[in-house]
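Throughout, a chain's letter reflects where its sequence line sits, starting with A, and its residues are numbered from 1.
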Amino acid sequence: VVSPGEAIARRQPFTIGQLEVTPDGEGWLVRGPASGDSPPECVSADPDALREWVRFDDSGRYRPLPGALNMRSAWECRCRSAGELNAALEAVYPLGVVHTAQAEAGTLRVVPLDDVLARQTGRYRVSAGFSAEGRALAARVICECCARVPLWNGAASRPGGIACPEACSVLVSFCREAAAWEKDPPAPAAPDRAVGFADFETPGN
Amino acid sequence: MSRGVLLVGHGSHHSPSSSTPVYNHARRLRERGKFDEVRTGFWREEPSLARALDGCEAADVTVVPVMVSAGYFTSEVIPREMRLTGRVSRVDGKCVRYAAPFGAHPSLAKVIVQRALEAGAEGTEALAVLGHGTPRNPDSERNVYEQTRYVAALGRFPEVTTVFLEQEPNMKDVFALVQAERVVMVPLFVADGWHVGETIPEELALDGDELRQGGRRLRYARAVGTHPAVAGVIEEMVAEAQTW
């Protein structure tokens, strides 16, 4: 398995997160997740336009976590060069290619979740008191929804996986909320897909 | 030595428009072409503040907070997450310069005046600089008062005053604070988001972008932070940081 950076240099097809990337003439074709028989919509490779495109899932919900496995489906974009492809991948998965290349090279600075929670201040300070069992469960819940591979949690890299060197802000927010739940458990609520992805204070998330 | 700019913003897990001004300023800076690299980082979005420097290839990077006020975020969260040790730091072999939030820069006063003129002001009105403010953090008001002072020094408006959304003097009292019959209020906010677009117009009971009250008239401008000219202010800030 080669990293995205190497695959681009060798002009080989590769997978990164939920994207399939294949050489296409002089350029590259980037495909989002398939959706049954729906023909893919052609999307601009302009990084700003592409970022806006993937910021919402198929039901129009905001995706604050770019690695979340709920990427909008049935789309593709054409990049004319390796530079355009790198910019497109950066727009979809910020630092994904960089971190994966650094992980391959053994230069990626990996920060454990305990260190991330210990340095929080203000309204996030409470997350430092979150139990070890709770941290493990919270990490599993969030990271199972994400294309990034949590190297900070000892996970092994996998084909198409994007190296994750440090817990994201969504997981830190979740730890903050869950730390409060440990002391004062909320009433059970049925999952509600209308609730925002990281809206942890709302029942049904 | 290659020079880069890293614009940092708050971002949001809930509001997709929160980071839009940061992306827009980054795009404008790239188009203006003065820097080898322009990147973004966020507290609540990705790339995170903690990792944003990982993507910078430039050897000399200036971090500019796309924020109005100095305070908890600029003095504590950003330096901690980005491992900055002072105004100039060495991080992973890079020289990292840490600028003040753009709301502190004197050149922003010209953008405030521009916003007032775009709202239909003719220069004969009173100009009210509207800040968020909060009684919880005395630092949050400082740049708003400073910008009022800078705007007054430009001499384009006969009266310039400061009002706030969440502290005194409150924006609802603006007619009592100035002599002029007509007032233009300019929100010193980063984005045309929830406050500028919804809560403030509602609290002021605006009719469109205007309020008429006993023969007096208030015009309400767009947020300063979304103005394209902010990119020029950021360029000045980076140029100044390069002299440190």
For the pair Glu166(A) and Val110(A), evaluate side chain to side chain contact (heavy atoms under 4.5 Å, CB included) and give the outcome as yes or no after the intermediate values.
CA-CA 6 Å; Glu166(A) 185 164 348; Val110(A) 176; over 6 Å; no
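- For the set Val116(A), Asp48(A), Val111(A), Val172(A), the count of heavy-atom pairs under 4.5 angstrom toward chain B peaks at Asp48(A).
- If you tally non-hydrogen atom pairs under 4.5 Å between each of Gly55(B), Gly11(B), Ala52(B), Ser15(B) and chain A, the highest count goes to Ser15(B).
- The number of heavy atoms from other shown groups lying within 6.0 Å of CH2 (Trp181(A)) is above 12.
- For the atom pair Leu171(A) CG and Leu65(A) CG, the distance stands at 9.5 Å (nearest 0.5 Å).
- Aromatic ring pairs are classed by plane angle as parallel below 30°, tilted from 30° to 60° and perpendicular above 60°; the pair Phe56(A) and Tyr62(A) is tilted.
- Listed by sequence position, Tyr72(B), Glu76(B), Arg80(B), Glu81(B), Arg83(B), Asp92(B) are the residues of residues 61-92 of chain B in contact with chain A, using a 4.5 angstrom heavy-atom cutoff.
- A salt bridge between Arg10(A) and Glu6(A) is present, with a side-chain N of the basic residue lying under 4.0 Å from a carboxylate O of the acidic one.
- Checking Thr162(B) against Arg149(B) by side-chain atom types alone, no donor-acceptor pair falls below 3.5 Å.
- With a 4.5 angstrom heavy-atom cutoff, Arg119(A) touches chain B via backbone and side-chain atoms both.
- For Arg63(A), no part lies under 4.5 angstrom from a heavy atom of chain B.
- Side-chain contact of His132(B) with Ser140(B): a donor-acceptor pair under 3.5 Å is absent, judged by distance alone.
- The stretch residues 21-38 of chain B places Tyr23(B), Arg27(B) near chain A, each with some heavy atom under 4.5 Å from a heavy atom of that chain.
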Verdict with supporting geometry, Glu104(A) and Ser3(A), side-chain hydrogen bond (donor to acceptor under 3.5 Å, both in side chains)
CA-CA 7 Å; Glu104(A) 291 280 318; Ser3(A) 68; 5.1 Å; no
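- With Thr100(A) contributing its side chain and Val97(A) its backbone, the two residues share no donor-acceptor pair below 3.5 Å.
- Looking only at side-chain heavy atoms (C-beta outward), Pro33(A) and Trp75(A) come within less than 4.5 Å of each other.
- Applying the ring-ring contact (aromatic ring centres under 6.0 Å, His included) rule to Tyr93(A) yields no partners; only residues at least two apart in sequence or on another chain are considered.
- Contacts of residues 121-144 of chain A with chain B at a heavy-atom distance below 4.5 Å involve Thr121(A), Gly122(A), Tyr124(A), listed in sequence order.
- Using a 4.5 Å cut-off between heavy atoms, Pro165(A) touches chain B through backbone and side chain atoms alike.
- Taking a cutoff of 4.0 Å between a charged side-chain nitrogen and a carboxylate oxygen, Arg51(A) and Glu45(B) do not qualify as a salt bridge.
- By the neighbour-count criterion of 12 heavy atoms within 6.0 Å, atom CZ of Arg31(A) is sparsely surrounded, having that number or fewer from other residues, nucleotides or ligands.
- In the displayed structure, Lys110(B) atom NZ is contacted under 6.0 Å by at most 12 heavy atoms of other residues, nucleotides or ligands.
- Between the side chain of Asn153(A) and the backbone N or O of Ala155(A) there is no donor-acceptor pair closer than 3.5 Å.
- No other option in Gly96(A), Cys168(A), Ser173(A) has as many heavy-atom pairs under 4.5 Å with chain B as Ser173(A).
- Using a cutoff of 4.0 Å between basic side-chain nitrogens and carboxylate oxygens, Arg39(B) and Glu90(A) are scored as salt-bridged.
- If you tally non-hydrogen atom pairs under 4.5 Å between each of Arg51(B), His14(B), Arg44(B) and chain A, the highest count goes to Arg51(B).
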